[in-house]
Student: 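Would you mind keeping the following structure in view while I ask a few things?
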Amino acid sequence: MKEIILVRFGDLVLKGKNKPTFINQVKKLLRSKLDGFSVNFEYQHDRIFIHINSEDKEEILKQLRFVSGVQSYSFVYRVEKDLEKIAEKAIEIIPNEIPLPTTFKVETKRADKRFPMTSTEVSQKVAGMVLPKISGLKVDVRNPEHILNIEIRNDGAFIYIGKISGLGGFPIGIGGRALLMLSGGIDSPVAAYLMMKQGVEIELFHFESTPLTPLESVQKVIDISKKLAPYMTRNKIKLHLVPFTKIHEEILKYVSDPYIITIMRRMMYRLAERYALTHDIQALVNGESVGQVASQTLDSINVVENVTNIPILRPVVTYDKNDIIKLSKMLETYDVSIRPFNDCCSIYVPRRPVTHPKVEYALEEETKLNVEKLMEEALENIQTLMINKNTDFEIALYGFEVKDAIEAYRGDKK
Ligand code: ATP
Ligand code: MG
């Protein structure tokens, strides 16, 4: 039988004037995610039917999980507009789709006004035919555990039970573009996901300090990017590798121990802001939360953020670590994040990091560095990779220097 999936929109139903833009974007996303599958789309004002012409139902469902702005979807069965046929189908699908015993009610919508019965009549008749055939099923019209939906339309009767939750949020692409500071940790990939789900396209910005940090820490961000790419409009994501080694070394050499992390983070923020402003990107995002580590007191955040003017978004700032971990497992970034390789913030941990830094002291420490020159050098040497879920870049196979490895890999792919 031909399968049909009914897709409903989420938040965007509420958004009056923007609604057409949002809906068009969801359509575009669905078309892009299902490119290559044999499907037809049928658009109605606040929902979409996907008619599947092949055996790819499971694969199609997997793709739908990556579409932000989709509130829920359901499998729909189409039969003739005939009560017997409708009841027969209901009797077939109920035991497969809902655990028994349970309570249910039938709800009917009649789009085809020529159909000779009212919606209530259809519901009552079908319920009456289904009930005696399925033991453990009881009607509860007030507070049913499940609803059997029937829609009488021009092209047939459509039946479905229940809803599968979609990603929710807003369709990606309608919320502008942000630069996400991606570490190899657990939090920043989750922050990335939350922004994309909110409709914001992202580019990933990673400060790499090889060989102070192992090449495997770069592999981690490549592998994390692969997991994030399918949420983007075109299923691919930019990963910028920012050479941070020189800055890292200078900081370790000249800055006094308690301020090492503070100055390192101020440099990261400065670089990210400058990149964003010169590339038409409207905000920075990171995985900071308050309290997790020394650098995440409000005083620290204040002194670090002090070097920028661009908006900085922190989607996980109030999240419980366990909730972040849950999301990172769902994203399949967790196993990558817990690989035991340090990035630049966790190596050479200062003996006495300052937890309540002061801007004056930070500025004083920075007089020991040539901030502008270090920044220019780093920005000039950014390496950008376009990553999708099938990217097969094993960096260690290509050499020990990030830059050389990327060049060799590019050469290989030509
Ligand atoms: P995460 O789990 O995301 O690494 P964390 O709890 O370990 O976060 P920090 O290491 O203090 O916290 O980093 C806070 C945020 O700073 C990260 O979430 C990330 O957005 C950014 N960040 C840290 N290190 C890097 C890096 N090497 N490159 C890019 N961004 C980084
Ligand atoms: Mg970290």
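Counting convention: from 1, in listed order, for ligands and their atoms alike.
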Student: Assess the residue pair Ile224 and Ser337 against the criterion (side chain to side chain contact (heavy atoms under 4.5 Å, CB included)); give the C-alpha distance rounded to whole Å, side-chain angles, the decisive distance to 0.1 Å, and a yes or no.
Tutor: CA-CA 8 Å; Ile224 287 170; Ser337 295; 3.8 Å; yes
Student: Does ligand 1 have a heavy atom under 4.0 Å from the side chain of Leu180, from its backbone, from both, or from neither?
Tutor: neither
Student: Going by the closest heavy atom to atom 13 (O) of ligand 1, which one wins out of Arg314, Arg265, Glu288?
Tutor: Arg265
Student: Could you name the option among Ser337, Ser209, Ser217, Gly287 that has the heavy atom nearest to atom 17 (C) of ligand 1?
Tutor: Gly287
Student: So is Gly184 polar-close to ligand 1, meaning N/O to N/O under 3.5 Å?
Tutor: no
Student: Flag Gln296 as yes when one of its N or O atoms lies below 3.5 Å from any N or O atom of ligand 1, and as no otherwise.
Tutor: yes
Student: Evaluate side-chain hydrogen bond (donor to acceptor under 3.5 Å, both in side chains) for Tyr319 paired with Asp187, printing each intermediate quantity in order.
Tutor: CA-CA 10 Å; Tyr319 275 47; Asp187 302 339; over 6 Å; no
Student: Report the part of Glu208 in contact with ligand 1, treating N, CA, C, O as backbone and CB onward as side chain, heavy atoms under 4.0 Å; options are side chain, backbone, both, neither.
Tutor: neither
Student: Between Ser300 and Gln296 (side chain of the first, backbone of the second, donor and acceptor by atom type, cut-off under 3.5 Å), is there such a pair?
Tutor: no
Student: If you measure every N/O of Pro189 against every N/O of ligand 1, is any gap under 3.5 Å?
Tutor: no
Student: Indicate yes or no: does Glu42 engage Arg153 in a salt bridge with an N to O separation below 4.0 Å.
Tutor: yes
Student: With a 3.5 Å cut-off and no angle check, do the side chains of Glu208 and Ser217 form a donor-acceptor pair?
Tutor: no
